[in-house]
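What follows is one structure encoded as structure tokens, with my remarks underneath.
As the structure is a computational prediction, the values presented were derived from the model and not from experiment.
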Amino acid sequence: MSQRETIETIVEFLELEKYRKSAAASLPYGIQKIVGLGRALAMEPKVLLLDEPSAGMNRQEKEDLARFILRIKYELGLR
């Protein structure tokens with residue numbers, strides 16, 4: 001898979017399509033955290049270590065992040 005295909009897959013997986021043309025620094029804090037998760041996934045890790053991934057997020061952002069982490073575990077097979 002090409003780098004571009006990998007990135008497009010991650011953008012779709014993390015539901016970031018509507019932020020595609022925005023600078024990461026201009027995004028809301030919770031979305032920036034999801035983008036950071038996407039950056040980590042782009043490295044195609046076998047193990048993903050997260051240190052306080054939901055620190056500073058509101059309830060909805062935490063729920064979204066938890067959903068993505070569960071999807072990463074069960075759909076991508078990362079631990």
Side-chain angles (χ1 to χ4, degrees):
M1 185 179 295
S2 73
Q3 285 181 338
R4 187 61 178 177
E5 291 170 329
T6 299
I7 298 304
E8 291 301 326
T9 299
I10 292 168
V11 166
E12 183 179 322
F13 185 85
L14 296 175
E15 301 170 9
L16 294 169
E17 295 94 337
K18 74 180 194 176
Y19 305 106
R20 175 177 274 122
K21 296 186 181 191
S22 302
S26 70
L27 297 173
Y29 181 72
I31 301 300
Q32 287 183 23
K33 298 281 264 186
I34 301 293
V35 169
L37 185 59
R39 286 180 180 142
L41 291 175
M43 301 302 294
E44 299 179 357
K46 292 184 188 319
V47 174
L48 190 60
L49 300 176
L50 303 172
D51 181 25
E52 299 185 32
S54 64
M57 295 177 133
N58 66 37
R59 182 182 176 153
Q60 182 61 51
E61 292 167 337
K62 286 179 182 182
E63 289 174 1
D64 289 341
L65 180 64
R67 181 171 48 90
F68 290 130
I69 291 171
L70 287 173
R71 285 186 66 204
I72 288 166
K73 179 180 179 181
Y74 294 109
E75 293 179 30
L76 303 182
L78 291 179
R79 298 181 181 263

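Every residue meeting the side-chain hydrogen bond (donor to acceptor under 3.5 Å, both in side chains) condition with E63, not counting sequence neighbours, appears here in chain and number order: R59. Partners of E75 under the side-chain hydrogen bond (donor to acceptor under 3.5 Å, both in side chains) rule, at least two apart in sequence or in another chain, are R71. Under the side-chain hydrogen bond (donor to acceptor under 3.5 Å, both in side chains) criterion, Q60 pairs with D64, not counting sequence neighbours. Residues passing the side chain to side chain contact (heavy atoms under 4.5 Å, CB included) test with R39 are A24, V35, sequence neighbours excluded.
Both I31 and Y29 sit in one connected hydrophobic cluster of ILVMFWY residues. Membership requires side-chain heavy atoms under 4.5 Å apart, directly or through other members. No continuous path of hydrophobic side-chain contacts links L49 to M43 [ILVMFWY only; heavy atoms under 4.5 Å].
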Just do the side-chain contact (heavy atoms from CB on, under 4.5 Å) check on L50 and L48 with the steps written out, would you? CA-CA 6 Å; L50 303 172; L48 190 60; 4.0 Å; yes

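Within 6.0 Å of the CD atom in E5, the count of heavy atoms belonging to other residues, nucleotides or ligands exceeds 12. Other residues, nucleotides and ligands place no more than 12 heavy atoms under 6.0 Å from the OH atom of Y74.
Of the possible polar contacts, none joining the E61 side chain to the S54 backbone as a donor-acceptor pair under 3.5 Å is found.
Pairs passing the salt bridge (Lys or Arg N to Asp or Glu O under 4.0 Å) check and including a residue from residues 19-33, sequence neighbours excluded, read E8-R20.
The shortest non-hydrogen separation linking P45 to A40 is CD-O, 3.3 Å. Counting all heavy atoms, side chain and backbone alike, M57 lies closest to L65 at SD-CD2, 3.8 Å. Nearest heavy-atom pair across T6 and E44 is OG1-OE2, 3.7 Å.
Between L76 and L41 there is a side-chain heavy-atom pair separated by less than 4.5 Å. In this structure, L37 and P53 have side chains that are not in contact, with every pair of non-hydrogen atoms separated by 4.5 Å or more.
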Give the table of side-chain donor-acceptor pairs shorter than 3.5 Å for residues 10-19, with sequence neighbours excluded, one pair per line with atom names and distance.
from: E15; atom 1: OE1; to: R67; atom 2: NH2; distance (Å): 3.4
from: E15; atom 1: OE2; to: R67; atom 2: NH1; distance (Å): 3.0

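A distance of 9.5 Å separates OG of S2 from CD1 of I7, quoted to the nearest 0.5 Å.
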